[in-house]
Trainee: 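Below: one structure in structure tokens.
Just so we're on the same page: letters track the sequence lines, and every chain starts at 1.
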Amino acid sequence: MDNPAVAQVLREVADLLEIKGDNPFKIRAYRNAADIVANHPHEVAGLDVLALREIPGIGKDLAARIRELVDTGELGYHRELVAEFPPSVLDLLGLQGIGPKTVATLYRDLGVRTVDDLERAASEGRVRQIRGMGAKKEALILKALEERKRHAGRHLMPDMKDLAATLVDFLAQNAAGTHLQSVGSLRRGTETCGDIDILACGAEPSLMDVFVSHPLVERVLGRGETKSSVRLKDGVQADLRLVPSSSRGAAMQYFTGSKAHNIALRDRAVGQGLKLNEYGLFRTADDTLVAGDTEEGIYRALGLAWIPPELREGHGEIEAAAGGLLPALVARQDLRGDLHTHSTETDGKDDVRAMIEAAQAAGLEYVAITDHSRALAMANGLDETRALAHASRIRSLDGHQGVRVLAGIECDILADGTLDLADDCLASLDLVVASVHSSFAQDKRQMTDRLLRAIDNPWVDILGHPTGRLLLKRSPYAFDLEAVLDAAARRGVAIEINCQANRLDLCDVQARFARDRGVRLVVSSDAHSRRAFRRLDWGVTVARRAWLQPVDILNTRTFDAFVPLLRRHQR
DNA sequence: GCCGTTTTCGGCCCGACTGTTTTCAGTCG
């Protein structure tokens, strides 16, 4: 059992305890333990009880429970809880506005066990009859169900990338010499993906048996000579396609898409007396093969430069490739700094020193520690006094392991657009990321004014996760993006591409729009633990899909070149 | 359930908002 699997069970125990109404501190202990395990550098399965107990937050009970789990693959305590509440009720917690108490009430009073049960109950008007609920709550539930339906079958890109990598590794161990590659929306780097497509070039047909026998496979949907489909846990569908090596490029191109890109490409081929399909590029007149074993060859034969998969969305990339105008896209190794991270001073999992060391390990030259401000009480946010004391401790670590360190803050933008901390405090810090964490329901006018007012504050350097969306869960708040971007461009405030898997905020289209309006962007991890610097990959994917080049992103600069570009140093 | 140089009990991050109340419960962050 690996760490994510252990963490998952602990998290389920916490959720079930919460539904049950158990001691909140016990719930926190389980949730905390789940985070610890998920972020632990070693596999907990390899640690004995004593070693487990040395981890802060893991005591006698949790150490024993974790051992039981990794030794037997099961947890008796978990089983007991599942006997009280069917595990399907955990799905209800994923609905916006539905928490553990509501789940417990719905189960107890209406026998709601599944999302489908809830939908029936709400649409039949039974929810409003429960004490403590009313017509508005029922409408809220129906809206949350509607949102969920809209996102059904979609999954976050980073999760799917990990899953695809697991499958590809497994296949690679069983098919030496085969070229394996995940294609489809995963290769293009879209923020959410519906399924996993894997291409195997030059493999034996027996690879299909290996594929359908993977432990994660729940059901085999189809098994053929060249294509098999399976359903994995969490309902993810994965397809494996076998193609001959001679068609590798054509198949990669075809299965990577997007549909719009492929249609435009085939249209271009037809105009040149050619025909493009998943087997190759052929002359229409006599069916001779023109290209097929590499993608580059296909694009070249069509008079185009090779187009990076992230751009293949039918958003002008073919015209750009024809005119030699494709951007030299930013890559992960172009990032030299991270401008949004948290430490144990607020809700981070690792202290400042560990975060700096992790930044160094991630190949960064500089990092800003930007803990929360006081309005985020749940995160133990900092007031002015604590912020300044924290800043001086952060600065004392400047240069640790050769990393330049900025003492910053992620300061809340309050409902009226003022900032959560006094200007003189913000002025004494090295960098201020301003973000909205409350009052999401304001109308468009209010929210726009709020953001504009925040941007007017001379000590705001970066606007953090600007739209507030949570992928597959919450829509962006209503505001005039164009007005905010124009103000940011005018004032020299940078706009963040937040790398959290469920944020990716700004998104690709908006980031491209922002750049075109003269806004400067940053790519920041918003890391709450030392392992989370990995997320920078995902933000870079967004940036690439936004056609961004290194010059468009402030934190590709060296430290000395970057600092003067901060808004506070511009006059 | 964890923790401890205020140590084996009694603490443990909490404020804003919403909808349901008629003084509060639930959710979110």
Side-chain angles (χ1 to χ4, degrees), chain A residues 10-11 13-37 52-66 75 77-78 81 92-106 108-109 127-144 342-349 371-383 386 410-416 418 420 435-443 446-447 450 464-465 468-470 473-475 477 498 500 502-503 505 526 528:
Chain A
L10 295 176
R11 206 162 280 130
V13 168
D15 287 344
L16 288 162
L17 287 172
E18 201 163 26
I19 291 168
K20 198 181 155 188
D22 211 308
N23 176 358
F25 300 108
K26 181 170 164 183
I27 294 161
R28 185 189 299 170
Y30 273 93
R31 202 156 278 152
N32 185 35
D35 283 345
I36 290 167
V37 169
L52 286 170
R53 290 202 58 179
E54 277 179 20
I55 305 171
I58 308 286
K60 180 162 74 78
D61 291 25
L62 274 163
R65 296 243 145 102
I66 291 170
L75 186 60
Y77 190 47
H78 181 255
L81 289 166
L92 301 174
L93 290 175
L95 294 163
Q96 183 76 8
I98 302 215
K101 295 290 188 280
T102 308
V103 170
T105 307
L106 289 167
R108 210 168 29 232
D109 293 5
V127 170
R128 70 178 75 181
Q129 289 161 14
I130 301 178
R131 194 181 146 70
M133 307 214 193
K136 286 207 176 162
K137 184 75 178 177
E138 195 169 79
L140 192 82
I141 288 174
L142 285 169
K143 183 164 174 283
H342 296 269
S343 76
T344 45
E345 187 66 14
T346 59
D347 60 350
K349 299 278 179 259
D371 274 303
H372 288 290
S373 63
R374 72 182 145 211
L376 218 58
M378 144 265 196
N380 189 24
L382 310 174
D383 60 17
R386 282 181 64 209
E410 182 183 13
C411 188
D412 263 51
I413 300 171
L414 304 180
D416 64 357
T418 58
D420 190 25
S435 312
V436 167
H437 291 117
S438 61
S439 304
F440 299 113
Q442 288 181 332
D443 68 33
Q446 274 182 308
M447 187 60 88
R450 178 182 182 182
H465 45 73
R469 72 165 178 176
L470 292 180
K473 185 149 185 186
R474 186 177 72 205
S475 304
Y477 34 71
N498 186 293
Q500 284 198 44
N502 62 349
R503 288 195 186 272
D505 180 10
D526 199 355
H528 284 64

Trainee: Checking only heavy atoms, does the side chain of A:Asn23 share a donor-acceptor pair with the base of B:dG1 at less than 3.5 Å?
Mentor: yes
Trainee: Let's see if you can work this out: which of B:dG1, B:dC17, B:dG29 has an atom nearest to the side-chain heavy atoms of A:Asp61?
Mentor: B:dG1
Trainee: Do the side-chain N or O atoms of A:Arg28 get closer than 4.0 angstrom to the phosphate oxygens (OP1, OP2) of B:dC13?
Mentor: yes
Trainee: Rounded to whole Å, how long is the line connecting atom NE2 of A:His437 with atom C1' of B:dC13?
Mentor: 15 Å
Trainee: Measuring from the side chain of A:Pro56 (C-beta onward, heavy atoms only), which nucleotide among B:dC3, B:dG29, B:dG1 has the closest atom?
Mentor: B:dC3
Trainee: Out of A:Leu414, A:Ile413, A:Asp412, A:Thr346, which residue meets the side chain to side chain contact (heavy atoms under 4.5 Å, CB included) rule with A:Ser373?
Mentor: A:Asp412
Trainee: Expressed in angstrom and rounded to an integer, what is the separation of A:Asn32 atom CG from B:dG1 atom P?
Mentor: 14 Å
Trainee: Judged by each residue's nearest nucleotide on DNA chain B, which is more toward the 5′ side, A:Met133 or A:Thr102?
Mentor: A:Met133
Trainee: Figure out the CZ/C1' separation between A:Phe25 and B:dC13, and round it to whole Å.
Mentor: 10 Å
Trainee: Starting at NZ of A:Lys20 and ending at C1' of B:dG1, how long is that distance when rounded to a whole Å?
Mentor: 14 Å
Trainee: Grab the CD-C1' distance between A:Glu54 and B:dC3 for me, whole Å please.
Mentor: 16 Å
Trainee: Ignoring hydrogens and geometry beyond distance, is a side-chain donor-acceptor pair present between A:His342 and A:Asp526 at under 3.5 Å?
Mentor: yes
Trainee: Side chain of A:Lys26: nearest nucleotide among B:dG1, B:dC3, B:dG29?
Mentor: B:dG1
Trainee: Under 4.0 Å between a Lys/Arg side-chain N and an Asp/Glu carboxylate O for A:Asp420 and A:Arg374?
Mentor: yes
Trainee: Base, sugar-phosphate, or nothing for A:Arg53, non-hydrogen atoms under 4.0 angstrom?
Mentor: nothing
Trainee: Categorize A:Leu382 for me: base, sugar-phosphate, or nothing, with a 4.0 angstrom heavy-atom threshold over every strand shown.
Mentor: nothing
Trainee: Applying a 4.0 Å non-hydrogen cut-off, can you work out what A:Ile98 is touching in the nucleic acid: base, sugar-phosphate, or nothing?
Mentor: sugar-phosphate
Trainee: Rounded to whole Å, how long is the line connecting atom NZ of A:Lys101 with atom P of B:dT20?
Mentor: 18 Å
Trainee: Heavy-atom distance under 4.5 Å between the side chains of A:Arg31 and A:Asp15, does that happen here?
Mentor: yes
Trainee: May I ask you to say what A:Pro24 touches in the nucleic acid, namely base, sugar-phosphate or nothing, with a heavy-atom cut-off under 4.0 Å?
Mentor: nothing
Trainee: In terms of side-chain heavy atoms of A:Lys136, which of B:dG1, B:dC28, B:dG19 is nearest?
Mentor: B:dG19
Trainee: For the pair made of CZ in A:Arg128 and P in B:dT21, what is the distance, rounded to whole Å?
Mentor: 13 Å
Trainee: Rounded off to whole Å, could you give me the CD-to-C1' distance for the A:Glu345 and B:dC13 pair?
Mentor: 12 Å
Trainee: So, does A:Arg374 get its side chain near the phosphate of B:dC13, meaning an N or O under 4.0 Å from OP1 or OP2?
Mentor: no
Trainee: Any idea which of B:dG15, B:dG1, B:dT27 is nearest the A:Lys137 side chain?
Mentor: B:dT27
Trainee: Could you tell me whether A:Ser439 contacts a base, only the sugar-phosphate backbone, or nothing, with contacts defined as non-hydrogen atoms closer than 4.0 Å?
Mentor: sugar-phosphate
